[in-house]
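Encoded as structure tokens, the structure appears first; notes follow it.
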Protein chains: 2
Amino acid sequence: MSSTVGDQPPRRATLRDVAQLAGVSQSTTSRALSGEGYAGADVRERVLAAAETLGYVPHAMARSLRKQDSQTIGVLVSDLQNPFYADLAAGIADAARRAGYTMMLTDDQGSAEAEMHAAQAFVATRVAGVILTALSGDVVEYLLRQHVAVVEADRQFAAGRCDAVVIDNAGAARRMTEHLLELGHRRIALFVDETAWTTGNARSEGFREALTHGGVAWDDAFVVQAGWDAALARTAAIDVLARRDHPTAIFAVNNLLAEGVWRAASDLGLRIPEDLSLVSFDDSRWMSMVTPGITAVAQDAVAVGRAAVGRLLERLGDRGCRRRPRWSTPR
Amino acid sequence: MSSTVGDQPPRRATLRDVAQLAGVSQSTTSRALSGEGYAGADVRERVLAAAETLGYVPHAMARSLRKQDSQTIGVLVSDLQNPFYADLAAGIADAARRAGYTMMLTDDQGSAEAEMHAAQAFVATRVAGVILTALSGDVVEYLLRQHVAVVEADRQFAAGRCDAVVIDNAGAARRMTEHLLELGHRRIALFVDETAWTTGNARSEGFREALTHGGVAWDDAFVVQAGWDAALARTAAIDVLARRDHPTAIFAVNNLLAEGVWRAASDLGLRIPEDLSLVSFDDSRWMSMVTPGITAVAQDAVAVGRAAVGRLLERLGDRGCRRRPRWSTPR
DNA sequence: TCGAAGTGTGGCAACGTTGCCACATGGCGG
DNA sequence: CCGCCATGTGGCAACGTTGCCACACTTCGA
């Protein structure tokens, strides 16, 4: 009666509003909607109807604040434009959604500062956990100090201190190299990104093992630090391939480097695989389109993402059995 | 004195803790940290030191709840594994980070249900705004009913009812088609995804305009509803190209369809561009690698993403001039 | 007939912040 | 000498939820 006469308050409906409309207390309304605790059948019905008419959507932040837990996981990858990370993110998104979690996603563009910033944002949001492809151990240490559940994906900096989902990089690299040796190659170059990362390191290891085992001498000149993008790799590859005793095969440890090498070969008029064999980690779509084909270790990044979510949920003690909310999805 | 003797409470430090350690009230602590309102120089220093030692990170949710605003934007795209959407997301992520916002990202895998679910999650989180590539007008309507600021990207379902960032699809398609006509092509097929979308529709329009203007009769058989992925497009293309009066050029309205057509041409042993001209929307990396090259409308999805964020911030009345927090980034 | 259990419901505090207000100083002019 | 401003600081309520507890009513067995 004495209320203001504003036509339509642009304010979003709150639990209090629903309670008032249904003519019951907030406590009861909460119980009716969440399905925890007693609530009479008729009351429940009235409450649900009221919620529907008001278009009530519970305030996730308020809920989190009160319950001291969050249904959000933080995800931090290196570069969304790289199909490997995009796939990883897609896998995480899918699994997270299924488990009733939402995903807060960022990429650092190889910048440690951006990475740290993102980590802080995750802590600020009190995410339930974080999945990341780190640039160094620093962020992971920070997150662990903040008691955040962390799962490392793809590469590992804090082995033993938190969960990780990684593939057998050394083994795959070894098998790949053995394949090249079987084809008769003796001068094989390795294009590697970041040896400080477990991926680059393990793949180098596998490569070296296979060479040693195959009785091929290790040649430092054939290990190329090819930088972090296709353009740099292209330049580096042109250099290497222009040498007199150029390699007859190149092993690129990721899709970007493979692209660079491929372009370099194209620049130089080299045919693959006649003039140069090219093998790679990360099976990208273009590899099957490009004229003669490239052999690649198919890394199922989507699966890695899903697995990472699985690990994280396990770690959180959540068995993935989330209740569905009671109110129906709006039309 | 009478406090419990737990060694290290795993509980995260709160404003209250910082205040106690600094020996001032919560109010003062809040002011000192946020930089709003009075705070003596010495007090400020003590508070900052206390925050540092405790590793204090402000609780973003509590802040949002109190201030009734959120520093998060919701982003909903169709498919993260499609480079177009990945780029879009990357652009959004970048611009959002710069403006001090965090991003909540999901993809619906073409599922309207997943889309609606995500929209509800956004509302529940009380995001500041949403950027999306919608599947239909329903989600947009829902979000608008909930008074959420919405920016449509790539395609538009609620024209005039909310902001949108779209390119001149009709114009670009027209110019592309004109190019083909100039090359002498008269039998041109259009591979289109979803004519209910403004993208597909406008591109079809531009195509039709160019044909009409160029005096080429419209042939329904040359408009192919090619489905939503490369595999379907491939099959469809094989069908079309096997006809006696097969087209001499194909215009694919997106990168997936172009890939399908390219593979079909490859299957049939057709050379591009000698036997078949292929033009496309979305300039993907593979197009420049694949042997003879494909002409494409380079859509800068990253830029679209950035622009969408710009629009959204404008809409929110935020001029992008966010204050940096006072505490330094942890080591 | 009375108490105990069973079945619902409401009151209230708390989660971690912030912003309004009131209050405590000190220096100053009237 | 008193009141007033400027400069700081603390108290308190509120944001929207949830969960504990207390309470009211019904039913039932002793």
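To find a chain, count down the sequence lines: A is the first, B the second, and so on, and within it residues start at 1. The figures that follow rest on heavy atoms only: side chains count, while hydrogens, waters and symmetry mates do not.
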Rounding to a whole Å, what distance do you find between Arg126(A):CZ and dT17(C):C1'?
-> 11 Å
Grab the NE2-P distance between His59(A) and dC15(C) for me, whole Å please.
-> 18 Å
Rounded to whole angstroms, how far apart are CG on Leu15(A) and C1' on dT17(D)?
-> 7 Å
Measure the distance from NZ on Lys67(B) to P on dG16(C) and round it to the nearest whole Å.
-> 19 Å
Roughly, in whole Å, what's the span from CZ in Arg12(A) to P in dG16(D)?
-> 11 Å
Going from CZ on Arg97(B) to CE on Met103(B), what distance comes out if it is rounded to the nearest 0.5 angstrom?
-> 9.0 Å
How far does CE of Met61(B) sit from OG1 of Thr72(B), to the nearest 0.5 angstrom?
-> 8.0 Å
With respect to Tyr56(A), which candidate in Leu48(A), Val18(A), Thr29(A) satisfies the side-chain contact (heavy atoms from CB on, under 4.5 Å) definition?
-> Val18(A)
If you measure from OG1 on Thr133(A) to OH on Tyr85(A), what distance do you get to the nearest 0.5 Å?
-> 5.0 Å
May I have the distance from Gln68(B) (atom CD) to dG19(C) (atom C1'), rounded to whole angstrom?
-> 13 Å
Going 5' to 3' through nucleotides 8-14 of chain C, assign each nucleotide B (protein heavy atom under 4.0 Å from a base atom), S (under 4.0 Å only from sugar-phosphate atoms) or - (no protein heavy atom that close).
-> BBBBBBB
Gap between atoms CG and C1', on Leu65(A) and dG16(C) respectively (whole Å) = 6 Å
Using the test salt bridge (Lys or Arg N to Asp or Glu O under 4.0 Å), find all partners of Arg306(A) that sit at least two apart in sequence or belong to another chain.
-> Asp94(A)
Test: Arg11(B) and Asp17(B) ion pair at under 4.0 Å | yes
Between Leu33(B) (CG) and dG16(C) (P), how many Å, whole number?
-> 16 Å
